[in-house]
Each structure stands twice: as C-alpha cells, then as structure tokens.
Amino acid sequence: MAEADRLSSVFAALADPTRRAILARLAVGEATVTELAEPFDMSLPAVSRHLKVLERAGLITRGRSAQWRPCRLEAAQLADATEWLDHYRAFWESGFDRLGEHLKQLQKIRNDSEKDRDHD
C-alpha cells in the first residue's frame with residue numbers, strides 16, 4: 001500500500017472515538033474482543049467491525065493462542081502518522097511564535113498609551 005493510502009487509512013481509523021478508545025486500551029496490553037467490548041454499549045459484531053478497520057489500517061494485529069485471539073497494538077503505523085504530522089509542527093509553532101510577538105507588541109502599545117494618559 002502506498003504511504004499516502006496507508007496514512008489515509010490510519011487517519012480514517014483514528015477518526016472514530018470508539019476506535020481511539022480501543023487503541024488506548026490496547027496500549028495497556030493485549031485484550032480479547034470480549035474484553036475490548038466491555039466498556040461499549042454495542043454488540044460483539046460491531047466491535048469486531050471496528051477491529052477490522054484498525055487491523056486494515058495496520059494499527060492492531062490479532063494473534064491466535066488456542067481459542068484465545070488476543071488483539072495487540074501495532075505502534076509503527078502510529079509512528080508513521082506522527083512523523084507525517086511533525087512536518088507541520090514547525091508551521092504551527094512559527095504561527096504561535098508570530099502570534100506571541102504580535103500580542104507583546106499590542107501589550108506594549110496599550111501600556112504606552114496608559115502611561116501617556118497618566119501623564120496628561
């Protein structure tokens with residue numbers, strides 16, 4: 001799968017709050033579908049559909065241990081998404097820096113204006 005397509009599937013999977021909650025749970029350790037379904041008011045087949053989306057995006061894998069099918073987090077895809085976002089971090093930070101400088105200038109103008117009124 002091309003990187004852009006892989007990132008699209010990762011971000012699409014992350015767009016759903018249920019899937020993000022499942023990933024948060026898996027960050028603690030492996031879990032079965034039943035364990036993952038516990039906090040949600042939905043059927044096991046519905047949770048399984050969420051897991052399939054996460055699996056297709058490469059965010060989780062499902063193992064097989066006898067009849068137990070543990071799901072586990074695959075952090076590599078999250079690292080790829082983070083790396084992609086990091087390319088834009090400099091843009092965001094420079095924007096915040098410019099905003100901070102602008103606010104300092106406005107505060108200085110306001111303080112100078114108040115000093116001028118106090119001297120009149």
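All heavy atoms count here, side chains included; hydrogens, waters and symmetry mates do not.
Each of Phe40 and Val53 belongs to its own hydrophobic cluster when Ile, Leu, Val, Met, Phe, Trp and Tyr are linked at side-chain heavy-atom distances under 4.5 angstrom. Under the 4.5 Å side-chain heavy-atom criterion for Ile, Leu, Val, Met, Phe, Trp and Tyr, Val28 and Leu54 are members of distinct hydrophobic clusters. One hydrophobic cluster holds both Phe11 and Leu23 under the rule that ILVMFWY side chains link at heavy-atom gaps under 4.5 Å.
Taking every heavy atom of both residues into account, Glu30 and Pro70 meet most closely at OE1-CB, 3.5 Å. Closest approach of Leu7 to Ala81, counting heavy atoms only: CD2-CA, 3.7 Å. For the residue pair Ala37 and Val47, the shortest heavy atom distance occurs at CB-CG2, 3.6 Å. Across Ala12 and Arg19, no two heavy atoms sit closer than the pair O-NH2, 3.4 Å. When all heavy atoms are compared, the tightest approach of Ala57 to Val10 is O-CG2, 3.6 Å. Minimum heavy-atom separation, Ser48 to Val33: OG-CG1, 3.9 Å.
Annotation: the span from Arg69 atom CZ to Thr34 atom OG1 amounts to 12.0 Å, rounded to 0.5 Å. Here the OG1 atom belonging to Thr82 is positioned 8.5 Å from the CZ atom belonging to Arg89, to the nearest 0.5 angstrom. The OG1 atom of Thr32 sits 3.5 Å away from the CD atom of Glu35 when rounded to the nearest 0.5 Å. If you take CD on Gln107 and CD1 on Ile109, they are separated by 10.0 Å, rounding to the nearest 0.5 Å. The CZ atom of Arg110 sits 12.0 Å away from atom CG of Leu103, with the distance rounded to the nearest 0.5 Å.
Between Glu55 and Lys52 no salt bridge is recorded (no basic side-chain N to carboxylate O distance below 4.0 Å).
No side-chain heavy atom of Leu36 sits less than 4.5 Å from a side-chain heavy atom of His50. For the pair Leu73 and Leu78, the minimum side-chain heavy-atom distance is below 4.5 Å. At a threshold of 4.5 Å between non-hydrogen side-chain atoms, the residues Ile60 and Arg72 do not count as touching. Side chains of Glu74 and Leu59 form no contact here, defined as non-hydrogen atoms less than 4.5 Å apart. Residues Thr61 and Cys71 have side chains not in contact (no heavy-atom distance under 4.5 Å, counting atoms from C-beta outward).
Under the 3.5 Å distance criterion, the side-chain polar atoms of Arg20 are matched with a main-chain donor or acceptor of Leu14.
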